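All ligand and atom numbering here is 1-based and tracks the order in the structure. Everything quoted here is computed from the prediction, not taken from an experiment. Start at 1 with the first residue, then count along the sequence.
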Amino acid sequence: MKNKMISVLLFAALSLSFAQTEAKSDNFSQVQLKQIEQLKQQALKSDLAWNLVESLTTEVGPRMPGTVGDKAGVEWAVKKFNALGFDKVWTEPVTFPKWIRNFESAAIISPSPQKLHITALGNSISTPKNGVQAQVIEFETLAELENASQRAVKGKIVFINYRMNRDRDGNGYGPAVQARNRGAVVAAQKGAVGYVMRSVSTAHHRFAHTGGSHYKEGVTKIVSSAISNADADQLHRLIALGKPVTINVNVQTKSMGEGTSYNVIGEFTGSEFPEEYVLIGGHLDSWDLGTGALDDGAGVAITMAAAKLAAKTKPKRSIRVVLFAAEEFGLWGAKAYVKKHEKELSNIVAAAESDFGADVIWGMESNVHASVLPVVRDIATMMKSLDVEHIGSNSAGGGPDLIPFRPFKIPVFKLAQDGTDYFNLHHTADDTLDKIDPKKLRQNVATYAVFSYMAANAKTRLVGKNN
Ligand SMILES: [Zn+2]
């Protein structure tokens, strides 16, 4: 009996000392570490992010840059920031080339007449009123088209049938998106009269995925469009039978000159170093086909909610949520932010953008000066119980809106969401609220809240690789 008692006591003492060593940190006090634990629990029970994304996607809906929906989105964000009690709320103007779609349809004309599910790619010109009709020539990749002869392509509609890889990291997107960005230009340079691509997508459904595309000065503009994966398979099978296949593509769009929108910014002011701030956020705009729930209503909601929770204990540094404008048309809001704040970007102690859907965060990666890696390790320790692992490479790129910040080498973090299924729905009419799992959303909020709190309160200020 006595032995058992001693071993129980010994065990208790050991566990206690183990718990103490594990939670020990040079950068955070015991009180702060306790607050972080409480913050996690609060976030995992909070429906704030869900309520925000539900409101945004329902009461505002699609938010394509420069549209009535976009304007309503800006007003929505200002109102919500104020209602949530952010200390400072403001907007900054952003300009971009405005574009809208009016109509799109496509069909196989011969040898087997049938409709195709198509979408215009962003920035595409219109076809003539009755569409453009021609024989299709298929390529597996953009590189294959680049190597094709002018003679083979001239007068035809180019079809690139590139199949995107599914990956947790979304690594398949980069290679696939080349054909969306430049396909119409390369096709036109070889004399094509139209451009259709397989969607940049991992889906098995009949929605076509839109997304930005570009023209090049001096190269004839031809229609730039994407068909659903199911339709791409159908077209491929028909072409493989060996007979010439003719399709009609009818896209009616309009370039509207310069449009204006606004970055919407909300900040909780730091108690000791108000100038220094943690930057988190997402982009407020979306494509027009869906309601922009995963892209990027979720990111907007996650970061607004995380800041609200993390700021409850009056952090030392400010926490700033930036909702970027016109991301989908080419990062216009992020570029405008960097331009306007260029001289004070060194005040950013950590930046992270949520723009990869709403699945769970599985990893945290930093991009900071080596001298502050102990702070990163502390953050990683506190994220462990949220099933977030530390990706140790210290070379995070951050979200798309952080790309224009790269030359300034600010401290950047990637809170990596599971993107396995993201490209099933991305940029489609099917990007709607029902695709968000409220439980996974809460795990995102908890992770962003821990990140924001710790970056705002660390004894050692986080600095980037330029220091
Ligand atoms: Zn996005």
Do side-chain atoms of Arg166 reach the backbone of Thr420 as a donor and acceptor pair under 3.5 angstrom? yes
Does NZ or CZ of Lys79 come closer than 6.0 Å to the centre of the six-membered ring of Trp76, within 45° of the ring's axis? no
Please answer whether the main-chain N or O of Asp285 pairs with a side-chain N or O of His283 as donor and acceptor at a distance below 3.5 Å. yes
Applying ring pair (Phe, Tyr, Trp, His ring centres under 6.0 Å), run through Phe159 and Phe139 and close with a yes or a no. CA-CA 6 Å; Phe159 164 47; Phe139 298 97; 9.5 Å; no
Metal environment of the Zn ion (ligand 1), protein N/O/S under 2.8 Å: His283 NE2, Asp295 OD1, Asp355 OD1, Asp355 OD2
Using only atom types and a distance under 3.5 Å, with no angle test, would you say the side chain of Lys414 pairs donor to acceptor with the backbone of Asn367? no
When the ring centroid of Phe329 is compared with that of Trp287, is the distance short of 6.0 Å? yes
